[in-house]
Amino acid sequence: MELTILGSGGSTTTPRPGCDCRVCREARIKGIPYARSGPSMFIRDLNLLCDTPEEIATQLNRERIGCVESILYTHWHPDHTFGMRIVERMYKFWLDMFVNQENPKKKVKVYALHDVMDDLMSMGYRGGSFLKYYQRSNLIETIGLEDAEEVRINSFKITPFEVQTTYNPSTVFLIEEKGKRVAYAPCDVKPFPKTTRLRNLDLLIIGSFHLEGALKNGIAIPSGNPLRKELFTLKEIRELGTQLVARKTVVTHIEEEWNRTYDEYKDLEKEQRVTFAYDGMHIKL
Ligand SMILES: [Zn+2]
Ligand SMILES: [Zn+2]
């Protein structure tokens with residue numbers, strides 16, 4: 001199994017436009033891995049994307065990915081979905097449509113839990129839903145999934161587990177192939193699903209975290225603050241990794257507001273015994 005972290009940023013990406021902090025300044029000069037774009041992952045063997053942040057087209061170009069066959073959505077939040085127009089940017093050919101009267105040649109399969117799909121379907125303008133428009137245009141086929149329902153794509157088995165957060169449903173995807181087991185849980189995954197089916201992992205890729213101590217502008221998250229209900233500390237992520245019997249944990253969805261440079265995350269890795277993702281990180285299992 002070959003995975004690529006296309007984007008390791010969170011809902012705030014680095015550099016943040018207009019921000020003159022030292023982290024953003026360095027990222028602007030040095031680029032990747034100091035710069036972090038929106039949260040997304042690609043499974044090479046399946047041409048499958050997990051989520052489509054705003055920067056998805058740039059991410060695909062950067063990694064020389066020329067084909068997307070499927071998209072899994074974890075939840076509706078803008079940092080995970082506002083690049084959904086990628087299906088149109090890749091596969092809608094105006095000249096074929098209007099001159100030769102031809103439909104798009106490719107339909108991308110879009111998978112999400114039913115509740116998440118309802119959220120996605122409600123995104124649009126007063127004339128209707130964006131995804132319904134893509135359906136009508138023969139650009140996508142949508143597939144709603146039950147909680148814990150396995151989907152088989154080629155030699156892979158993919159299982160979504162629903163997470164009920166305070167505001168919306170989100171998803172942890174279990175991805176299995178040839179005895180390897182990966183959980184992709186980039187955002188809004190606290191409380192983590194209790195199921196034993198997510199135990200015994202080769203890799204846990206997880207977001208929904210914050211750092212302790214002084215963050216951007218010296219602000220720290222006080223105990224009892226609502227953010228602590230939504231986000232894990234690194235200690236909690238380590239404990240979760242142990243509980244799940246995960247052989248390796250990669251932390252992603254790294255916010256600009258945590259105010260750490262790529263080099264500082266490298267130092268934190270030694271101290272915290274986790275690995276931090278970066279844009280373009282390739283993982284082979
Ligand atoms: Zn900044
Ligand atoms: Zn997010």
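Whatever order the structure lists ligands and atoms in, that order sets their numbers, starting from 1. Just so we're clear, the structure is a prediction, and the values are computed from it rather than from any experiment.
In this structure the side chain of Leu49 reaches within 4.5 angstrom of the side chain of Leu60, judged on heavy atoms. No side-chain heavy atom of Arg62 sits less than 4.5 Å from a side-chain heavy atom of Glu55. Two residues are said to be in side-chain contact when any heavy atoms from C-beta on lie closer than 4.5 Å; Thr81 and Met123 meet this criterion.
Side chain to side chain, Thr12 and Glu255 meet the donor-acceptor criterion of an N or O pair below 3.5 Å.
Criterion: ILVMFWY side-chain heavy atoms under 4.5 Å apart, direct or through other members. Under it, Ile219 and Leu227 are not part of a common hydrophobic cluster.
Here Asp188 fails the criterion, with no N, O or S atom under 2.8 Å of the Zn ion (ligand 2). Within the coordination shell of the Zn ion (ligand 2), defined by N, O or S atoms under 2.8 Å, His77 is absent. Within the 2.8 Å limit, His75 places no N, O or S atom next to the Zn ion (ligand 2).
Within 6.0 Å of the CZ atom in Arg89, the count of heavy atoms belonging to other residues, nucleotides or ligands does not exceed 12.
By the 6.0 Å and 45° rule, Arg181 does not stack over the aromatic ring of Phe173.
Around the Zn ion (ligand 2), the two atoms SG of Cys187 and OD2 of Asp79 are separated by an angle of 160°, to 10 degrees.
A ring-ring contact (aromatic ring centres under 6.0 Å, His included) with Phe276 holds for exactly one of Tyr262, Tyr265, Trp258; it is Tyr265.
Counting only protein N, O or S atoms closer than 2.8 Å to the Zn ion (ligand 1) gives 4.
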